[in-house]
Amino acid sequence: MPELPEVETIARSLREGRPNQPSIQGKRIADVNLLWDRSLATPGSEEFKTRLVGQVIQEISRRGKYLIIQLSADQTLLFHLRMSGDLVLRADEGLPAPHDRLILSFDDNLCLVFNDTRKFGRVWLVSDPQPILESLGPEPLDPAFTAEGLNKRLRAYHRQIKPLLMDQTFLAGLGNIYTDEALHMAGIHPLTPSNTLTSSETNRLWQSIRHVLQEGIRLSGASIDWVYRGGEFQNHFRVYKRAGEPCPVCGTDVQKITVGQRGTHYCPQCQVSPEEKANNNRGIL
């Protein structure tokens with residue numbers, strides 16, 4: 001947490017505003033309060049404050065799990081929220097709150113607050129964000145990301161499909177939640193070697209990845225811990241966090257295993273293991 005839909009939801013709320021919350025575009029940064037120096041990746045704290053004060057927020061966007069705030073004077077502020085980071089707009093009253101790591105104060109008594117309980121999130125202020133973002137894989141909702149392109153990329157690796165999909169250099173934005181959900185929708189076991197998928201399976205996977213991400217965005221992401229507010233995708237999970245509950249497709253109990261050191265949820269009936277699939281192909285019962 002958070003993954004692509006959660007970061008996209010935050011970016012849209014800051015860019016477009018939402019009920020009882022204005023957009024931050026066009027606001028001028030009047031003051032900077034860095035409360036946890038280690039949240040800052042670059043530059044040093046004093047240079048960070050000096051360069052930020054007076055900057056005007058021009059655009060808010062996202063790349064993978066990075067939130068991007070374009071500032072005046074050709075500066076870019078990057079946030080990676082990691083496990084527990086969040087960006088919220090608050091009135092400048094009673095701040096700081098517990099776990100606030102960075103507060104950007106605007107001229108109108110509002111503040112953009114980076115809150116991060118576990119302290120894993122990071123912030124960059126750079127002139128060029130490309131060196132940080134260039135290693136990311138394709139955006140899964142980009143029109144240029146096609147089933148054919150995914151098939152070609154999958155066949156270039158001999159890796160278990162779940163860890164590969166979560167590798168941000170392979171595909172940007174997917175994490176534990178949406179990978180489990182997409183694999184279940186596609187009927188693909190999380191341990192399946194990537195280069196063994198058929199064209200039909202790859203096409204289903206491509207459609208499933210895009211579907212679960214689009215649904216996640218439509219429902220404002222998933223709220224499954226104390227950090228995130230307002231998301232509803234957790235009410236529509238197919239398998240994630242549903243171990244022991246019936247699969248919504250076939251009724252078989254959802255199982256949980258560990259794949260790549262991550263808890264992984266799947267249906268053993270809908271998502272046949274690679275071994276069982278190979279035995280079925282050889283006619284072994």
Side-chain angles (χ1 to χ4, degrees), residues 1-12 39 41-42 60-69 76-87 114 116 118-124 126 128-147 149-183 186 188 190-195 197 202 205-206 208-217 221-222 224-225 227-228 233 240 258-265:
M1 277 296 276
E3 303 180 30
L4 188 156
E6 289 76 38
V7 179
E8 180 66 23
T9 297
I10 293 170
R12 290 184 181 187
S39 291
T42 190
I60 300 103
S61 59
R62 176 199 57 76
R63 175 75 171 98
K65 298 180 185 181
Y66 287 87
L67 192 139
I68 306 169
I69 299 179
T76 303
L77 193 59
L78 296 174
F79 289 87
H80 198 299
L81 305 178
R82 302 282 172 87
M83 291 294 294
S84 63
D86 198 6
L87 278 171
F114 176 48
D116 185 15
R118 297 179 181 173
K119 300 180 179 178
F120 293 150
R122 290 295 178 266
V123 185
W124 295 257
V126 294
D128 180 9
Q130 256 325 95
I132 298 170
L133 304 176
E134 65 185 359
S135 65
L136 294 175
E139 284 287 325
L141 295 180
D142 191 311
F145 175 68
T146 64
L150 176 61
N151 187 54
K152 182 177 180 180
R153 292 176 66 80
L154 289 172
R155 290 185 177 280
Y157 295 87
H158 182 69
R159 291 180 58 185
Q160 294 171 341
I161 187 64
K162 178 172 180 178
L164 182 59
L165 291 177
M166 292 178 60
D167 184 337
Q168 299 303 294
T169 65
F170 180 81
L171 193 61
L174 282 175
N176 214 26
I177 296 173
Y178 296 93
T179 301
D180 279 3
E181 293 292 290
L183 287 172
I188 297 171
L191 294 178
T192 303
S194 59
N195 61 340
L197 293 176
T202 300
L205 179 59
W206 175 79
S208 298
I209 289 171
R210 292 171 66 88
H211 176 82
V212 299
L213 291 176
Q214 288 166 343
E215 277 296 284
I217 292 171
I224 59 172
D225 56 29
V227 179
Y228 297 94
F233 189 65
Y240 187 76
T258 299
V259 179
Q261 299 182 327
R262 302 300 297 273
T264 298
H265 304 80

Point-to-point distance, once rounded to the nearest 0.5 Å, from CD1 of I209 to CG of L171:
5.5 Å

Taking G173's backbone N and O only, do any of them form a donor-acceptor pair with Q168's side chain (distance below 3.5 Å, no angle check)?
yes

Going by heavy atoms in the side chains, are L154 and I161 under 4.5 Å from each other?
yes

Quick one: pull up CG in L205 and CD1 in I188 and give me the separation to the nearest 0.5 Å.
4.5 Å

Here the gap from L67 atom CG to S61 atom OG, rounded to the nearest 0.5 Å, amounts to 7.5 Å

Any heavy-atom pair between the side chains of P129 and I68 that's under 4.5 Å?
no

So, the side chain of D180 versus the backbone of H265: is there a donor-acceptor pair under 3.5 Å, distance only?
yes

Report yes if some heavy atom in the side chain of L4 is under 4.5 Å from a heavy atom in the side chain of L174; otherwise report no.
no

What closest approach, in Å, do V259 and K162 show between heavy atoms, and which atom pair accounts for it?
CG1-CB, 4.3 Å

So, does W124 use its side chain to make a donor-acceptor pair with the main chain of T76 at under 3.5 Å?
no

With heavy-atom distances below 4.5 Å as the criterion, would you say the side chains of L197 and N151 are in contact?
no

Donor-acceptor pair, R63 side chain versus K65 backbone, under 3.5 Å?
no

Verify the neighbour count for atom CD of Q261: are there more than 12 heavy atoms of other residues, nucleotides or ligands below 6.0 Å?
no

Which heavy atom of N176 sits nearest a heavy atom of G263, and at what distance?
ND2-O, 3.0 Å

Working note: E8 + L213, criterion side chain to side chain contact (heavy atoms under 4.5 Å, CB included); need CA distance, chi angles, decisive distance, verdict.
CA-CA 10 Å; E8 180 66 23; L213 291 176; over 6 Å; no

Quick one, L150 and F170 - any side-chain contact, counting heavy atoms below 4.5 Å?
yes

I need the minimum non-hydrogen distance between T169 and R153, along with the two atoms involved.
O-NH2, 3.5 Å

Of the non-hydrogen atoms in P190 and P163, which two are nearest, and what is the gap between them?
O-CD, 4.4 Å

Do E3 side-chain atoms and I177 backbone N/O form a donor-acceptor pair below 3.5 Å?
yes

Nearest heavy-atom approach of Y157 to S194 is O-OG, 2.7 Å

Contact between F79 and V7 at the side-chain level, heavy atoms closer than 4.5 Å - yes or no?
no

Minimum heavy-atom distance A144-D142, with the two atoms named
N-OD1, 2.8 Å

Roughly how far, to the nearest 0.5 Å, is CG of D86 from CD1 of I10?
4.5 Å

Rounded to the nearest 0.5 Å, how far does CG of N195 lie from CZ of R155?
7.5 Å

In terms of relative ring orientation, are H80 and Y66 parallel, tilted or perpendicular, with 30° and 60° separating the classes?
perpendicular

Answer whether the closest heavy-atom distance between the side chains of L81 and D116 falls below 4.5 Å.
no

Can you label the angle between the F233 ring and the Y178 ring as parallel, tilted or perpendicular, going by 30° and 60°?
parallel

When rounded to the nearest 0.5 angstrom, what is the spacing between CD1 in I132 and CZ in R122?
13.0 Å

